Structures are given as structure tokens and as C-alpha cells.
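Everything numeric here is computed off the predicted structure, so don't read it as measured data. No hydrogens, no waters, no symmetry mates; every other heavy atom, side chains included, goes into these values. Positions are given from 1 along the sequence.
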Amino acid sequence: MPAGDGPAVVRVPVPVVAHPAGGYDLTVVPVRTHQVDTVPESVAGLRARCCFLLTWAARGARR
């Protein structure tokens with residue numbers, strides 16, 4: 001970990017494989033919270049476990 005006040009950034013290469021021979025073990029689905037109703041039909045045909053990452057991209061409240 002480098003010295004300093006900020007967080008360390010580590011870049012990890014990730015190979016992209018469009019169609020692996022044995023299929024996928026896990027599919028990660030990032031989705032905004034307000035769009036979650038449209039996701040089931042998008043992943044209905046997958047033959048893998050799905051991990052949904054819900055995000056809320058809202059700005060902080062103004063005072």
C-alpha cells in the first residue's frame with residue numbers, strides 16, 4: 001500500500017470470453033435501482049446464477 005492519504009488503485013486485467021466452453025458459472029448484472037423492474041426479462045434465458053448489483057446514482061440532497 002503506498003504511503004499517503006488517498007486510497008490505492010490496483011488495476012487487475014480481466015480476460016473477456018464471449019462464449020466459454022462450459023457456459024458461465026455466474027453472471028453479474030449491474031442495474032440502477034429505478035430500472036430493476038426491467039431486469040427479469042433480460043436474464044430469463046440465462047443458465048447461470050445471477051448476482052444483481054443495485055446502484056442509486058442520486059446526488060446529495062441540497063439544503
Side-chain angles (χ1 to χ4, degrees):
M1 189 96 164
D5 295 337
V9 175
V10 178
R11 299 194 189 279
V12 179
V14 177
V16 176
V17 180
H19 300 285
Y24 294 104
D25 294 326
L26 175 69
T27 301
V28 178
V29 183
V31 62
R32 290 184 176 171
T33 305
H34 68 278
Q35 296 172 324
V36 76
D37 292 339
T38 62
V39 173
E41 65 189 46
S42 299
V43 297
L46 294 178
R47 297 181 58 110
R49 291 185 172 102
C50 291
C51 175
F52 297 96
L53 299 176
L54 301 178
T55 63
W56 181 255
R59 294 182 181 186
R62 294 185 181 187
R63 297 178 193 188

Can you give me every donor-acceptor pair (side chain of residues 21-30, partner residue at least two apart or in another chain, under 3.5 Å) with its distance?
from	atom 1	to	atom 2	distance (Å)
Tyr24	OH	Val17	O	3.2
Tyr24	OH	Ala18	O	2.5

Under 3.5 Å, side-chain donor or acceptor atoms of residues 39-48 against the rest of the protein: list the pairs with distances, not counting sequence neighbours.
from	atom 1	to	atom 2	distance (Å)
Ser42	OG	Thr38	O	3.4

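Atom CG of residue Leu54 and atom CD of residue Gln35 lie 11.0 Å apart, to the nearest 0.5 angstrom.
Listed by chain and number, the hydrophobic cluster partners of Val10 are Val12, where partners are ILVMFWY side chains within reach of under 4.5 Å, directly or through others.
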